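Here is the structure we will look at.
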Amino acid sequence: MSWAYLVIAAIFEVGWPLGFKLASSSGGHSPAWLAFAALSMVLSSVFLYLAQLHIPIGTAYIVWTGIGGVGTVLLGIWLFGEPASVLRMFFVLMILTGVAGLKIIS
């Protein structure tokens, strides 16, 4: 169950930068998107806390930030037209490889 908590935490980790980006994209500081970002931060933290009760904190943290970072990059490409160069995708793949490796050895 701890790994499920960690994946949920990572999904919410993507929510707060997304909320900030949408808040700033809406022609000002949209309170609704800022609230979404804040809620995502809280839920991400709670699920990370639950995950690290049974997963080493170093592993939990790097998987959490790795999935959150990759998810944020992919959403940026998909929703905001950010660049998707071959090198950028290569390095995103390297992050995913590291995350998968940590899961395999844990």
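Here the structure is a predicted model, which means the values were calculated and not measured.
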From [X] atom [atom1] to [Y] atom [atom2], the distance as rounded to the nearest 0.5 Å:
{"X": "Ile67", "Y": "Ile95", "atom1": "CD1", "atom2": "CD1", "value": "11.5 Å"}
{"X": "Met89", "Y": "Met94", "atom1": "CE", "atom2": "CE", "value": "13.5 Å"}
{"X": "Lys21", "Y": "Leu79", "atom1": "NZ", "atom2": "CG", "value": "10.5 Å"}

Using side chain to side chain contact (heavy atoms under 4.5 Å, CB included) as the criterion, point out the one residue from Thr72, Val73, Val70 that pairs with Val14. Thr72
Any donor and acceptor pair, going by atom type alone, linking the side chain of Thr65 with main-chain N or O of Tyr61 inside 3.5 Å? yes
Fellow cluster residues of Trp16, listed by chain then number, with links counted only when side-chain atoms sit under 4.5 Å apart: Phe20, Leu34, Met41
side-chain contact (heavy atoms from CB on, under 4.5 Å) between Phe12 and Leu39, intermediate numbers included: CA-CA 9 Å; Phe12 282 115; Leu39 180 62; over 6 Å; no
May I ask you to test the [X]-[Y] pair for a side-chain heavy-atom distance under 4.5 Å?
{"X": "Ile62", "Y": "Leu102", "answer": "yes"}
{"X": "Val7", "Y": "Val63", "answer": "no"}
{"X": "Pro83", "Y": "Arg88", "answer": "yes"}
{"X": "Leu6", "Y": "Phe47", "answer": "no"}
{"X": "Leu48", "Y": "Ser45", "answer": "no"}

Where Gln52 and Ala60 come nearest, the two heavy atoms and their spacing: CB-CB, 4.2 Å
Same cluster (ILVMFWY, side-chain, under 4.5 Å), [X] and [Y]:
{"X": "Trp78", "Y": "Phe91", "answer": "no"}
{"X": "Leu96", "Y": "Ile77", "answer": "yes"}
{"X": "Trp3", "Y": "Ile105", "answer": "yes"}
{"X": "Met1", "Y": "Ile11", "answer": "no"}

Please lay out, stage by stage, how Trp64 and Ser44 fare under the test side-chain hydrogen bond (donor to acceptor under 3.5 Å, both in side chains). CA-CA 9 Å; Trp64 177 65; Ser44 179; 2.8 Å; yes
For the CZ atom on Phe80, are there more than 12 heavy atoms of other groups (residues, nucleotides or ligands in this structure) within a distance under 6.0 Å? yes
Could you please spell out the steps behind the side-chain contact (heavy atoms from CB on, under 4.5 Å) verdict for Leu50 and Ile8? CA-CA 10 Å; Leu50 293 172; Ile8 293 167; over 6 Å; no
